[in-house]
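Working notes for the structure below.
Side chains included, hydrogens not; waters and symmetry mates left out as well; all remaining heavy atoms used. Order of the sequence lines sets the chain letters (A, B, ...), proteins ahead of strands, with each chain counted from 1.
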Protein chains: 2
Amino acid sequence: MAAATHRLIAHAGLDAATMAAVAREAGFSVGLVQHYFASKDELLLFAYKQMSEHQLARVARMVAEGEADAQPIRAILLRCMPELWPLDEARRGEYRVATAFHARALDVPTVAEVARETAAVVSGQIARAVENGKECGEVEPGTDAERAALELSALVTGLADELYGEPERRRGDRPLIETAEAILKDRLGSYFPGECHHYDR
Amino acid sequence: MAAATHRLIAHAGLDAATMAAVAREAGFSVGLVQHYFASKDELLLFAYKQMSEHQLARVARMVAEGEADAQPIRAILLRCMPELWPLDEARRGEYRVATAFHARALDVPTVAEVARETAAVVSGQIARAVENGKECGEVEPGTDAERAALELSALVTGLADELYGEPERRRGDRPLIETAEAILKDRLGSYFPGECHHYDR
DNA sequence: GGGATAACAATACGAGCGTATGGCTTCCTC
DNA sequence: GAGGAAGCCATACGCTCGTATTGTTATCCC
């Protein structure tokens, strides 16, 4: 049911995710949806939570893989952050759902809470990555990790917005996505200028 | 009527801006609202357009004032960009309205068109500022203006999101807004490292 | 000064929504 | 093997919304 809700919102917005539409999309009756979710708000909140968890789990898996390969933190972040960008149809769908709930969060406190927690996890992971970078020599000791996390998470979400509008747009001979990646790479390079000196990682 | 629509959306979201609510808020009858707007979509689009125009006009006025005072381009941008941030109640309202329509733009092409145009104006102004900076010596000649505009506009919108959630949040002894301004200042400083050498500006 | 046109209001209508209700099957448990 | 919970469905109810309809009052132009 959450998957059906996700599909409907991704395809036609929150307004399209009515009880009847969700039931039809999921192949069930309206009554059954009510049997599992006491209200529509509960259904929407569950679908939102689940999508956020999926996104965070994917990122966590990429981090784990990067650490297993002993990649520098800078490289791990560079591969993780575009995971939240609308680069293929699946992630464009996630972007649409996230955007719809981002607006809903302005008026529904329970949604705002989930959005806040998700954002805090992302910021926290970036800040922790910077702290780890200090220990292994990639990051200058004096770097403000919280500030770096604020800038980088703002940049990632802002670039996601820019990328969504014109996915086909090109600047000269390069697609926009490459420019966005280059921007992110440069910014990461300024926060992670050093080489990791932990050979056992 | 557009002002009433703006107030309703800012206070309780797009769903609260019904025909009846707008009419009541504006002090008119439903029939009169229909007399001026053929449909609800038309009303919403008009209100959205008007708000975007107001924002762009405010920024344009700040740019003109800065130019009249012969301020460096870097300083003008540093004062203009936070104009789009939710720093006081009026601009928090604008942020809420903009966010609501940002989500609606995913499903309504006419809204998407306005959003695209507004974003293009902002990006264009930043890119033009960078080009002007090259001529007057504030910007290195090799700088990619379009790329700078992409990064800076993404950063501004991303920071707006971060600032909205916790307006009271502090990092140590400083409020979050000061960190955001410092980030913006540093980024502008990296794109505008030089001094303006046009004494007649 | 009269007739079109615009400003403005009251209300009716039909559609779509979330939810409540009642009932039917399936399956496990004691 | 009886009974109760859980899975599942169809439908009715009440409400709200956008819009259509029909009107009344003002304004303005020739």
> Cut-off 3.5 Å, side chains only: do Ser190(B) and Arg187(B) have a donor facing an acceptor?
Replying inline: yes
> Is it true that Arg61(A) and Glu83(A) make a salt bridge, defined as a side-chain N closer than 4.0 Å to a carboxylate O?
Replying inline: no
> So does Asp186(A) have more than 12 non-hydrogen atoms from other groups sitting under 6.0 Å from CG?
Replying inline: yes
>> Testing Phe37(B), Tyr36(B), Phe101(B) one by one against Phe46(B) for a ring pair (Phe, Tyr, Trp, His ring centres under 6.0 Å), which residue passes?
In response: Phe37(B)
> Is there a donor in the side chain of Arg74(A) and an acceptor in the side chain of Tyr191(A), or the other way round, less than 3.5 Å apart?
Replying inline: no
> In B/S/- notation, 5' to 3', how is nucleotides 16-24 of chain C contacted by protein heavy atoms closer than 4.0 Å?
Replying inline: -SSBB----
>> Does dA6(D) have its OP1 or OP2 closer than 4.0 Å to a side-chain nitrogen or oxygen of Tyr36(A)?
In response: no
> Within this structure, what is the CZ-to-P distance between Phe28(B) and dA7(C), rounded to whole angstrom?
Replying inline: 11 Å
> Can you check the Phe37(A) CZ to dC8(D) C1' distance for me, whole Å?
Replying inline: 15 Å
>> Rounded to whole Å, please give me the gap between CG in Leu32(A) and P in dC9(D).
In response: 6 Å
With the criterion being N/O to N/O and under 3.5 Å, what pairs connect the protein with nucleotides 23-26 of chain D, and how long is each?
none

>> Give me the atom names and distance for the closest heavy-atom approach of Val33(A) to Met19(A).
In response: CG1-SD, 4.1 Å
>> Of the listed nucleotides (dA6(D), dC8(C), dC9(D)), which one gets closest to any side-chain atom of His35(A)?
In response: dA6(D)
>> Regarding Glu131(B) and Lys134(B), does a basic nitrogen lie under 4.0 Å from an acidic carboxylate oxygen?
In response: yes
> Less than 4.0 Å between a side-chain N and a carboxylate O, is that true for Arg7(B) and Glu89(B)?
Replying inline: no
